[in-house]
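Nothing fancy with the numbering, it's 1 onward along the sequence.
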Amino acid sequence: MSKPMLTVAEALEFLLSAVRPIQDVETVATLAANGRLLAQSQTSLLNVPPLDNTQMDGYAVRAADCVDAETRLRVSQRIPAGYIGEALEAGTAARIFTGAIIPAGADAVIMQEQCVADGDFVTIRHQPRVGEWIRRQGEDIATGATILAAGTRLRAQELGLAASVGLAQLPVLRRPRVAVFFTGDELAMPGDVLKPGAIYNSNRFTLTALLQDLGCDVTDYGIVPDKLDATRSTLRLASQEHDVIITSGGVSVGEEDHVRSAVEAEGRLDMWQIALKPGKPLAFGAVGKAFFIGLPGNPVSSFVTFLLFVRPFLLRMQGVQKVSPQSYSVRADFDWLKPDRRNEFLRARMNAEGGLGLFANQGSAVLTSTVWGDGLIDLAPGQSIHAGDVVKFIPFSSLMG
């Protein structure tokens, strides 16, 4: 008797429990760190802002000098950003510009719209409170504060934050080294003449792009013939220098599907077949020191299983702890009255009314559904949908990169 198929949750837990996090650290320029995983937490060696400064163009004053809404003060100095002014004389104002340092003695800034300039004098038409329009020293970041935690995927905002405290370089984890190859004698490359019975290898482009978006160094071994010895040879070669080997196709039970047999001959297969639609034939194991993940050959199945399993696996390998995608409860504006015994992931997109529409053809080879859709509806086994029901929706934006 065959073993029961694992649920999606069981399969994901199994994969994540097997992960060996990358330990190798390299230092890169902050300008070149986009998309990398931070290896060590970073602290600030300075205050941000370093000194009290103004949030507005206007006039720095002593609040006590502005006794009413028509106070006339002499303008004693002009302070642009990047310059340090002199101590403010009592009974005077300093013309000051956004970002400039507050002069000693001043305790408020009046925005220029509330002032009337008249030669060397200014009339203040506002009674300020102490601290008005002043950014305090260390208000954003205090010296010694942790600004970025280890395991953070560095995006534009993290890089800007690192630069704001003067970090020219950052310690990051080595990129995962991932080998990919694709099986199927029917596969051809775009640009080749398409022979009868052949199809273009879309998975090569989809999976390579997804891996690059996850910050992986990818070695592409191309299309491998549907032969056991060729598949075994490619597995042995790929296992020597890579952390993970990913294949597409050949993990089913057909006579021309050799990947499963090749993995069992060269290494081990720990998991096969998930109660998932699309994407039941998902394989996981190891060849040498490299993990092996075998994805289905159908384009949508390959795409969906990558997002659900390979993405969190590679993120966890890079030290990311929170790998679950963000999901939302959204109203379904359609009927789905043919529930499956497996966990289904339906391609859907948001409509102008704030609900979800469903792509008409949910076939595992219909790649247009992934371009048309905004994300996946996570539908539990045996569950149907009636228009108006609230469903679990996972946007592609939270599943990619």
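- At least one donor-acceptor pair under 3.5 Å links the side chain of Ser164 to the backbone N or O of Leu161.
- A side-chain donor-acceptor contact under 3.5 Å links Asn343 to the backbone of Leu379.
- Around the CD atom of Glu70, the shell of radius 6.0 Å holds more than 12 heavy atoms that belong to other residues, nucleotides or ligands.
- Remark: Glu26 does not engage Arg174 in a salt bridge, criterion side-chain N to carboxylate O under 4.0 Å.
- A side-chain donor-acceptor contact under 3.5 Å links Gln112 and Arg95.
- Separation of the Phe309 and Phe284 ring centroids does not fall under the 6.0 Å cut-off.
- Judged purely by distance below 3.5 Å, without hydrogens or angles, the side chains of Gln362 and Arg347 pair a donor atom with an acceptor atom.
- Under the 3.5 Å distance criterion, with hydrogens and angles disregarded, a donor-acceptor pair is assigned to the side chains of Thr71 and Asp68.
- Within the 4.5 Å cutoff, no side-chain heavy atoms of Asp378 are placed close to those of Phe393.
- Taking 4.5 Å as the limit, some side-chain heavy atom of Pro395 sits within range of a side-chain heavy atom of Ser398.
- The minimum heavy-atom distance linking Ile394 with Gln326 is given by the pair CG2-O, 3.8 Å.
- Judged by distance alone, the side chain of Asp107 and the main-chain N or O of Ala63 form a donor-acceptor pair under 3.5 Å.
- With a 6.0 Å radius and a threshold of 12 heavy atoms from other residues, nucleotides or ligands, Trp336 has its CH2 atom above the threshold.
- Nearest heavy-atom pair, Ala162 versus Ile147, reported as atom, atom and distance to 0.1 Å: CA-CD1, 4.2 Å.
- No salt bridge links Arg232 with Glu264; every basic N to acidic carboxylate O contact stays at or beyond 4.0 Å.
- You'll find the side chain of Ile377 reaches within 4.5 Å of the side chain of Leu356, heavy atoms only.
- When atom types are taken as modelled, the side chain of Ser239 and the backbone of Arg236 share a donor-acceptor pair closer than 3.5 angstrom.
- Checking His258 against Thr183 by side-chain atom types alone, no donor-acceptor pair falls below 3.5 Å.
- Taking a 6.0 Å sphere around CD of Glu241, one finds it holds 12 or fewer heavy atoms contributed by other residues, nucleotides or ligands.
- Ring geometry for Phe396 against Phe303 counts as perpendicular: the plane angle is over 60°, on a 0 to 90° scale with 30° as the lower cut.
- A heavy-atom distance below 4.5 Å is not found between the side chains of Ile134 and Asn53.
- Within 6.0 Å of the CZ atom in Arg125, the count of heavy atoms belonging to other residues, nucleotides or ligands does not exceed 12.
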Salt bridge (charged side-chain N to carboxylate O under 4.0 Å, His left out) between Asp340 and Lys277, intermediate numbers included: CA-CA 8 Å; Asp340 196 277; Lys277 183 181 180 181; 3.6 Å; yes

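- Ion pairing between Arg135 and Asp52 fails under the 4.0 Å rule for side-chain N and carboxylate O.
- In this structure, Tyr221 and Phe182 have side chains that are not in contact, with every pair of non-hydrogen atoms separated by 4.5 Å or more.
- Between Val61 and Ile110 there is a side-chain heavy-atom pair separated by less than 4.5 Å.
- Relative to the six-membered ring of Phe121, Arg74 misses at least one condition, a distance below 6.0 Å or an angle of at most 45° to the axis.
- Of all the heavy atoms in Leu88 and Ser76, the pair that sits closest is CD1-OG, 3.8 Å.
- The number of heavy atoms from other shown groups lying within 6.0 Å of OH (Tyr83) does not exceed 12.
- Of all heavy-atom pairs spanning Thr305 and Ser301, the tightest one is OG1-O, 2.6 Å.
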